[in-house]
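Here is the structure we will look at.
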Amino acid sequence: MHALLRDCRTGIPPQLEPVARAEGMDPARLTEALLRGMVCLPANPRHPCKAVPIGEGCLVKVNVNIGTSAPRCDHEQEMEKARAAIVNGADTLMDLSTAGDIPVLRKKILSLGVPVGTVPLYEAVRKAGSAVDVDPDLLFRVIREHCRDGVDFMTLHCGVNREAFDALIADPRLMGVVSRGGAFHLARMDQTGEENPLFSEFAYLLEILDEYDVVISLGDGMRPGSIHDAGRLAKTTEYLTLGKLSHICQEKGIQRLIEGPGHIPLSQVGYNVRIIKELTDHAPLYLLGPVVTDIAPGYDHVVAAIGSTIACMHGADFLCMVSPSEHLALPQLEDIVEGTRITRIAAHIGDGARKGVSWQEEKELPLVLARKDLDWEGQFRQALFGEHARSIHERDGATDTCSMCGDLCALKLVKDIFKRKRDEPEKKQQ
Ligand code: SF4
């Protein structure tokens, strides 16, 4: 059992008090939610970092993926992207590097003070030379190395098993498999005829994660890669397996996240979220997308924000940043900034749906009052990304209204009417 959960069993751990306050939660409720597996706190004791609880009752969190690829492998660029992600609202980072000196970059990212996740399979594939050549010993050795380095949570595609493979064959999909980890496991199963070791050796995997207090993120290697594939069998088969594995984690006291659900039409977002929650004993849900239309490459950050706000209404807890370069290229710095900001906005709207209208009204009232008063500095101070708002407002010169209506500013006209009305009785009295 993870050390934090052991502590929770004997009362409210003192370190949870400030964490609960920051979330607007009662510490007893947070402790209870951790024990019931409805919240997880990725915090490897070897890695000092900010406490970021994820799950029911908590604020919606944002993860940003960074990392090298073979065509673009520059540690400094990735670090710049990682720092920009944090400044623009990332709560956690995932290092998805697949090229260069992967352990060196991982250690640099771990120095940034936020929880860090990885997908150890990527490094194992690089070490082995191909997905087919990853033997179980190597994979578990890499997982252990990531734990020792201080990684706080890991995506492990334990649900991509032979049953899911059979479902994919029985009910083929237009896009096949779009998860890198999912495809690697399938390739190996296909060539060797063996089961995915992360599934067949799940008990051993949990022992490692238990030893280092690392959260498992049960990956969705069978997530649909187009809305055409949303209703196919492989995804549902994986959901059922993830439900069983989630239950085992909960029994053993291993904190877990569940990943889902990829490309699905907007009308199916709500029930997919509710089904995953139901099957996994309400484990924290980490969203990849959902991408609710396939027709807007270049704007998939907006597409995912639309899907994820709806998903948050139904119980999603943790959003993975989608950048404008999704499906097109490795994100550049400006893509990370734009994608992180849009995802942060989606998380805030999701919080409003989860925490209630009065919570959202209270948060937003200072900006609304500043807008009503044409108090531009006040608006920039209250806005999520105030300097961006300022740069737009000031591009036609700084004025008391804005260049949209200029001297016909509705706010100013009505403000003047009410000012006159207030002043008139005072004049009459004089
Ligand atoms: S000028 Fe128009 S758009 Fe600008 S603040 Fe006034 S009413 Fe709003």
Side-chain angles (χ1 to χ4, degrees), residues 24 59-60 62 64 84-90 266 292-293 295-313 319 321-326 332-430:
L59 296 166
V60 175
V62 171
V64 172
I86 294 171
V87 167
N88 285 285
L266 192 68
V292 291
T293 173
I295 208 165
Y299 291 94
D300 277 329
H301 55 314
V302 178
V303 170
I306 292 167
S308 58
T309 49
I310 302 293
C312 288
M313 279 177 63
L319 308 183
M321 183 274 303
V322 173
S323 89
S325 53
E326 184 78 10
Q332 295 188 329
L333 180 64
E334 53 273 26
D335 299 325
I336 294 287
V337 170
E338 186 69 6
T340 307
R341 288 181 176 189
I342 296 286
T343 313
R344 186 77 257 164
I345 295 166
H348 171 75
I349 298 170
D351 280 331
R354 287 155 61 105
K355 295 228 173 217
V357 175
S358 43
W359 178 91
Q360 190 173 355
E361 282 178 352
E362 193 186 320
K363 289 275 169 213
E364 299 184 6
L365 187 62
L367 190 140
V368 175
L369 292 177
R371 181 173 286 160
K372 174 182 89 80
D373 290 338
L374 292 165
D375 168 6
W376 297 100
E377 286 307 318
Q379 289 185 63
F380 303 148
R381 260 196 315 279
Q382 297 300 332
L384 275 179
F385 306 107
E387 286 313 303
H388 178 65
R390 179 196 299 282
S391 71
I392 295 173
H393 173 65
E394 293 183 353
R395 69 190 173 201
D396 290 323
T399 55
D400 59 339
T401 65
C402 82
S403 59
M404 178 73 188
C405 332
D407 61 335
L408 298 182
C409 174
L411 287 175
K412 190 169 186 319
L413 288 175
V414 174
K415 194 175 155 192
D416 290 346
I417 292 170
F418 279 96
K419 184 170 184 312
R420 262 201 313 280
K421 281 191 174 300
R422 264 198 320 272
D423 292 347
E424 270 166 13
E426 283 170 21
K427 276 188 198 151
K428 275 182 194 158
Q429 276 171 12
Q430 287 164 10

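Just follow the structure's listing: the first ligand is 1, and inside any ligand the first atom is 1. The chain is numbered in sequence order, starting from 1.
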**Asked** Looking at OH of Tyr299 and OG1 of Thr293, how far apart are the two atoms once the value is rounded to the nearest 0.5 Å?
**Response** 14.0 Å
**Point-to-point distance, once rounded to the nearest 0.5 Å, from OG of Ser403 to CD1 of Ile392** = 10.5 Å
**Item:** Summary of side-chain hydrogen bond (donor to acceptor under 3.5 Å, both in side chains) pairs that have at least one residue in residues 376-387, sequence neighbours excluded
**Value:**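 Pairs touching residues 376-387 that pass the test: Glu377-Arg390, Glu387-Arg390.
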Kindly list each side-chain donor-acceptor pair under 3.5 angstrom involving residues 341-356, sequence neighbours excluded, with atom names and distances?
residue	atom	partner	partner atom	Å
Arg341	NE	Asn88	OD1	2.7
Arg341	NH2	Asn88	OD1	3.1
Thr343	OG1	Gly339	O	2.6
Arg344	NH1	Gly89	O	2.7
Arg344	NH1	Asp91	OD2	3.0
Arg344	NH2	Val60	O	3.4
His348	NE2	Glu364	OE2	2.6
Asp351	OD1	Val60	N	2.7
Arg354	NH1	Ala316	O	2.5
Arg354	NH1	Asp317	OD1	3.1
Arg354	NH2	Gly55	O	3.0
Arg354	NH2	Cys58	O	3.1
Arg354	NH2	Asp317	OD1	3.2
Lys355	NZ	Glu23	O	2.9
Lys355	NZ	Gly57	O	3.1

**Message:** Do Val322 and Asp300 have side chains that approach each other closer than 4.5 Å (heavy atoms only, starting at C-beta)?
**Reply:**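 Yes; the side chains approach each other to less than 4.5 Å.
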**Request:** Enumerate the protein N/O/S atoms at a distance below 2.8 Å from atom 4 (Fe) of ligand 1, ignoring waters.
**Result:** Cys402 SG
Pairs of donor and acceptor atoms involving the side chains of residues 301-311, under 3.5 Å and at least two apart or interchain, shall be tabulated with distances.
residue	atom	partner	partner atom	Å
Ser308	OG	Ala304	O	2.8
Ser308	OG	Ala305	O	3.3
Thr309	OG1	Ala305	O	3.2
Thr309	OG1	Ile306	O	2.9

